[in-house]
Structures are given as C-alpha cells and as structure tokens.
Undergrad: 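This structure is in structure tokens; I'll ask about it shortly.
Here is the naming used below: chain letters follow the sequence lines, and residue numbers restart at 1 for every chain. Note that the structure is predicted; figures quoted are calculated from it, not measured.
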There are 2 protein chains.
Amino acid sequence: MQTSQRLDQQQATENRRRELLEAADRVVLRDGPEASMNAIAAEAGITKPILYRHFGDKSGLYRALAKRHTDALLDTLRTALDSRTARRDRVEATLDAYLAAIEARPQVYRFLMHPTEDADAEKDFDTRRYSAPLLRRLGEELAKIIAERLDLGPNSEELARVWGHGIVGMMHGAGDWWLAERPCERAQLVAHLADLLWGRLAAAGDIPGGPGF
Amino acid sequence: MQTSQRLDQQQATENRRRELLEAADRVVLRDGPEASMNAIAAEAGITKPILYRHFGDKSGLYRALAKRHTDALLDTLRTALDSRTARRDRVEATLDAYLAAIEARPQVYRFLMHPTEDADAEKDFDTRRYSAPLLRRLGEELAKIIAERLDLGPNSEELARVWGHGIVGMMHGAGDWWLAERPCERAQLVAHLADLLWGRLAAAGDIPGGPGF
DNA sequence: CACTGCGTGTTACCGTAAGTAACAAGCAGG
DNA sequence: CCTGCTTGTTACTTACGGTAACACGCAGTG
C-alpha cells in the first residue's frame with residue numbers, strides 16, 4: 001500500500017495547495033498586489049510558515065498565482081484571435097477581450113503587472129527579469145502567432161517578435177491609461193487602436209497651415 | 001534685513017534640497033528603485049529625519065527625483081520630434097532617442113517605471129494612480145503634439161490621446177523587452193516599430209497555405 | 001504496546017526598511 | 001542672558017518577509 005498512499009498524499013498536498021492559492025486569490029482580489037503573506041495565511045485560516053513550506057517564498061506564491069490568471073487570459077485571447085473573420089475584426093476582438101478582462105478585475109490586473117521583485121535578481125543590476133512576466137508571455141505568444149500566419153518576407157522571425165511585444169505594449173499602455181481615466185467607451189478605444197495599427201498615423205494629413213508633422 | 005534674510009534662507013534650503021536630490025540620484029543610479037532612505041541619507045552624509053523634513057516621505061523624494069529625469073527625457077524627445085524632416089524620420093528619431101536613453105541608464109529607467117507605491121492610494125482599490133507617472137506624462141505630451149499637428153477629422157482630440165498613450169506603451173513594451181533580451185540592434189528595432197506604425201501589419205499577406213490571419 | 005517517521009500546525013524570533021518622537025547644538029536678535 | 005529657529009542626532013515603533021524550534025496527530029513496524 002505504499003505507492004497508493006504516496007499518491008493519496010501527493011494528491012492531498014496538491015489539493016491543499018489549490019486551497020491556499022484560492023485563499024491567496026481572494027486576498028489579492030481584495031487588496032491588490034500588496035497583499036501580505038500574513039493576510040493570505042489568515043484568509044486561509046493558517047499561519048505563515050505553512051505558506052512558505054508550500055511555495056518557498058513570496059515570489060513563488062505569486063508566480064503560481066500569476067500562472068493561473070495568465071493561462072486563463074491567454075486562452076481568452078487565443079479564442080478571440082482564432083475566430084474565422086477578417087483580420088481587422090480579429091485584432092479588434094483580441095484588443096477588446098484584453099480590455100474587458102482588465103476592466104472586470106482591476107486588482108488582479110494590477111497584481112499581474114506588478115514587477116516580480118525577484119529574489120534571484122540579488123545584486124546584479126542586470127536589467128533582466130524586472131518587468132511583468134505576463135507581458136513577456138503575451139508578447140511571445142503573439143509573436144508566435146504573427147510569425148505563423150503572416151508572410152513577412154526576410155527577417156520575419158525578428159520582425160514578428162518586435163511586433164508582438166510592441167503591440168502588447170500598446171495594448172497595455174493604452175489600457176492602463178484608459179482604465180484610470182475612462183476617457184471613452186471601450187469600443188471607441190478598440191477602434192482607435194486598430195486604426196493606429198492600420199497605419200492611419202502615417203496616412204493622416206498635416207494640419208492645414210499648422211507646424212507640420 | 002528681515003526679508004533678505006528670509007530670501008537667503010529660502011535659497012539655502014533650496015540648495016540643500018538640490019544637494020540631497022543629487023545624492024539620491026547617485027544612490028538610485030547605483031541601486032535602482034529599491035534604494036533605501038537610509039542609504040540615500042548616508043550618501044548625503046546625514047541621517048533619515050532630515051530627508052523626511054525635506055521631502056515628507058519616500059514617495060515625495062521619489063516624485064521630486066522622477067520629475068528631474070522626466071523633464072530631461074521629455075526635452076530630448078521633443079527635440080527629436082521637432083526636427084525638420086519627413087514624418088517617418090521624425091518618428092524614428094523619437095523612438096531611437098527614447099531607446100538610447102533607457103539603454104544608457106537602465107537603473108534610472110527602472111526607477112522611473114516603478115509604480116509609485118503611492119501612500120495616498122490608501123484603502124481605495126481605485127485603480128487610479130498606480131502606474132508610472134512617466135508613461136502618463138509622455139503619453140499626454142505625445143497626444144498634444146499629435147493633435148496639434150495632424151488633421152484627424154472629427155473626434156481628433158480623443159483619437160490623439162489614445163494614440164499618444166498607445167504609442168508610448170508600444171515604445172515602452174518593446175523597449176523593455178529589447179533591453180532585457182537584446183535580440184537585435186537598436187536601429188533594427190526602431191525600423192520594425194516604425195513599420196508597425198506605418199501599417200505593415202495590416203498590409204502583410206497571409207502565409208501561402210497557412211492557417212490565415 | 002511503545003517507537004519511529006512524517007506532514008501539519010504553532011509560537012516566537014531575526015533583519016530590514018519606513019517613518020517618528022525627543023532631544024542637543026549652533027546661531028540670529030531682543 | 002534668554003528666546004526662537006534651523007540643523008542635526010539617537011533611539012524608538014511598526015510592519016513585513018522569512019526562519020528556527022518545538023508540538024500534535026497519525027500511518028506503519030518491532
């Protein structure tokens with residue numbers, strides 16, 4: 001019975017882990033990224049050392065938590081990108097899906113954007129590994145899709161990655177501002193961003209009599 | 001002699017403030033955004049309470065410090081945007097100026113991008129006031145310039161602001177990734193991003209026999 | 001049955017960082 | 001000399017991440 005016991009045990013700890021993650025989730029949903037380990041432990045009805053046994057340290061817990069949300073968001077975005085419509089419609093659907101997600105759960109969004117405060121960064125002012133993993137993943141995924149589907153001529157690999165991270169950055173930057181200021185409807189924002197990607201900036205005329213651009 | 005004394009006094013404290021800011025600058029340049037108040041005070045040859053008397057709290061000091069760098073960066077970018085060349089050249093010059101700046105002083109850049117950890121956020125999970133002030137300012141400035149110079153038809157105000165923040169976000173996202181991974185030369189990155197803004201994404205053909213996009 | 005091993009849980013602690021209270025010294029001007 | 005103001009200090013509090021050490025419960029084994 002040793003092996004089956006070990007399996008039971010493994011599953012039990014995995015269930016526990018899931019419970020803890022869900023508790024952490026609730027706290028983050030309430031307090032945002034500055035949720036403390038103490039608060040999370042309290043929400044789960046236990047004390048800190050147990051959290052540390054399960055996740056090593058704070059960034060371990062946060063990584064686990066972020067992975068769940070990131071996976072979910074990526075699924076949503078992929079669905080939007082995979083619909084069988086015109087390219088512009090799909091781009092708009094994807095932008096809209098992202099914006100809807102951050103609009104629905106701003107605290108989670110803030111949590112995901114939080115730089116990792118990584119312990120492994122230590123003393124090296126290395127510039128690597130400082131920004132939000134979510135954005136990196138989104139950028140890479142988008143790059144892959146672009147490279148798969150678009151005929152970009154030579155250098156397509158590099159071009160696709162730049163575009164992937166650039167578009168994700170655009171989405172993030174505009175979304176962040178929009179969420180804070182709410183200057184217009186979501187649909188308007190989506191249309192404006194798609195216009196930007198569709199080259200309207202390059203096509204626009206100078207202001208008549210203006211200083212030129 | 002009372003008034004002139006008061007003026008002397010005012011100027012003296014202002015000089016002191018400048019000295020302290022320069023010390024803080026050196027520490028941030030060395031340690032990045034996690035520079036501690038103790039370390040900054042030590043660098044300035046004094047102790048914490050004096051820093052607090054001058055700047056109120058940490059975010060006060062950080063705001064003052066960020067303002068200096070943001071002003072400087074904005075000046076650089078404005079110069080690039082104001083050159084008397086073709087629109088595409090000016091856009092590329094601006095992107096390049098931004099990227100050169102973050103490449104030259106990554107620690108300062110990390111510091112500027114750091115979310116404010118604002119004390120005034122307190123308990124309101126308000127979503128406002130959480131992201132880097134630098135990006136907001138860049139976005140607004142760019143929006144102003146776009147609105148001033150481009151003929152965008154109706155709704156131009158709103159469109160310009162969306163584009164401003166969107167383009168800044170794109171620049172930031174791509175720059176951040178590029179700085180971490182260094183996948184190509186700066187000039188390449190600039191050209192690719194300009195291509196994106198010039199609508200090459202919309203114009204590209206599907207991969208022959210691929211899944212479509 | 002006593003005994004060992006292991007996973008779960010606790011309390012109590014350390015180090016560090018933000019922020020503050022309270023006090024000491026230099027130096028104007030009555 | 002004494003009052004008031006600025007500049008500086010030391011020493012504290014509070015909060016948080018992280019850890020050590022110890023206690024309980026519960027399998028399986030001699």
Side-chain angles (χ1 to χ4, degrees), chain A residues 1-20 23-24 27-28 31-65 114-123, chain B residues 1-20 23-24 27-28 30-65 111 114-123:
Chain A
M1 291 297 276
Q2 261 170 335
T3 65
S4 74
Q5 255 176 38
R6 184 137 54 193
L7 286 181
D8 283 3
Q9 195 41 44
Q10 209 163 8
Q11 193 171 2
T13 65
E14 221 154 274
N15 285 345
R16 196 78 182 97
R17 202 181 141 102
R18 254 197 40 244
E19 282 176 38
L20 297 185
V27 178
V28 165
D31 296 354
E34 43 275 320
S36 82
M37 294 298 266
N38 254 326
I40 293 172
E43 169 73 27
I46 51 165
T47 51
K48 273 190 300 176
I50 304 191
L51 279 186
Y52 283 93
R53 279 220 266 269
H54 276 273
F55 300 102
D57 63 354
K58 189 178 173 165
S59 85
L61 200 176
Y62 274 37
R63 261 195 302 272
L65 204 50
H114 218 64
T116 323
E117 301 291 356
D118 230 334
D120 67 8
E122 298 200 358
K123 273 294 179 205
Chain B
M1 291 299 274
Q2 260 169 339
T3 65
S4 74
Q5 256 178 38
R6 183 138 54 195
L7 287 181
D8 283 3
Q9 195 42 42
Q10 209 164 7
Q11 193 170 3
T13 65
E14 221 153 274
N15 286 345
R16 197 77 183 95
R17 203 182 141 100
R18 253 197 40 245
E19 282 176 38
L20 297 185
V27 178
V28 165
R30 170 159 40 84
D31 295 353
E34 43 274 320
S36 84
M37 294 298 268
N38 253 327
I40 293 173
E43 170 73 27
I46 51 165
T47 51
K48 273 190 299 176
I50 303 191
L51 279 185
Y52 282 94
R53 280 221 265 268
H54 276 273
F55 299 103
D57 63 354
K58 189 177 171 162
S59 84
L61 200 176
Y62 274 37
R63 260 195 302 274
L65 204 50
F111 166 76
H114 218 63
T116 324
E117 302 290 355
D118 229 335
D120 66 10
E122 299 200 358
K123 274 291 177 206

Undergrad: Bend across the helix from dC1(C)-dG30(D) to dG30(C)-dC1(D), to 10°, with axes taken over 5 pairs at each end?
TA: 40°
Undergrad: So, is R17(A) near the phosphate of dG7(C), with a side-chain N or O under 4.0 Å from OP1 or OP2?
TA: no
Undergrad: Measure CG/N15(B) against P/dT6(D) and give the value in whole Å, please.
TA: 17 Å
Undergrad: To the closest 0.5 Å, what do you measure between NE2 (H114(B)) and OG (S59(B))?
TA: 12.5 Å
Undergrad: Looking at NE2 of H54(A) and CD of E14(A), how far apart are the two atoms once the value is rounded to the nearest 0.5 Å?
TA: 11.0 Å
Undergrad: CG of L51(B) to CZ of R53(B): how many Å apart, nearest 0.5 Å?
TA: 11.0 Å
Undergrad: Roughly, in whole Å, what's the span from NZ in K58(A) to C1' in dT19(D)?
TA: 17 Å
Undergrad: CG of L51(A) versus P of dT8(C): gap in Å, rounded?
TA: 13 Å
Undergrad: If you go through the side-chain atoms of R53(B), does one of them form a donor-acceptor pair with the base of dG19(C) closer than 3.5 Å?
TA: no
Undergrad: Look up atom CD in E43(B) and atom CG in L20(B), then write down how far apart they are to the nearest 0.5 Å.
TA: 11.0 Å
Undergrad: Let me know the distance between CG of D57(A) and C1' of dT19(D), rounded to the nearest Å.
TA: 12 Å
Undergrad: Please give me every residue in residues 36-50 of chain B whose heavy atoms get under 4.0 Å of an atom in DNA chain D, ordered by residue number.
TA: I46(B), T47(B), P49(B), I50(B)
Undergrad: Are the side chain of Y62(B) and the backbone of F111(B) linked by a donor-acceptor contact shorter than 3.5 Å?
TA: no
Undergrad: To the closest 0.5 Å, what do you measure between CD (E19(B)) and CD1 (I46(B))?
TA: 9.5 Å
Undergrad: Could you please spell out the steps behind the side chain to side chain contact (heavy atoms under 4.5 Å, CB included) verdict for R16(A) and I50(A)?
TA: CA-CA 11 Å; R16(A) 196 78 182 97; I50(A) 304 191; 5.6 Å; no
Undergrad: Can you check the Y52(B) OH to dT10(D) P distance for me, whole Å?
TA: 16 Å
Undergrad: Looking at G60(A), is its backbone amide N or carbonyl O close enough to the side chain of D57(A) to form a donor-acceptor pair, meaning the two atoms are under 3.5 Å apart?
TA: yes
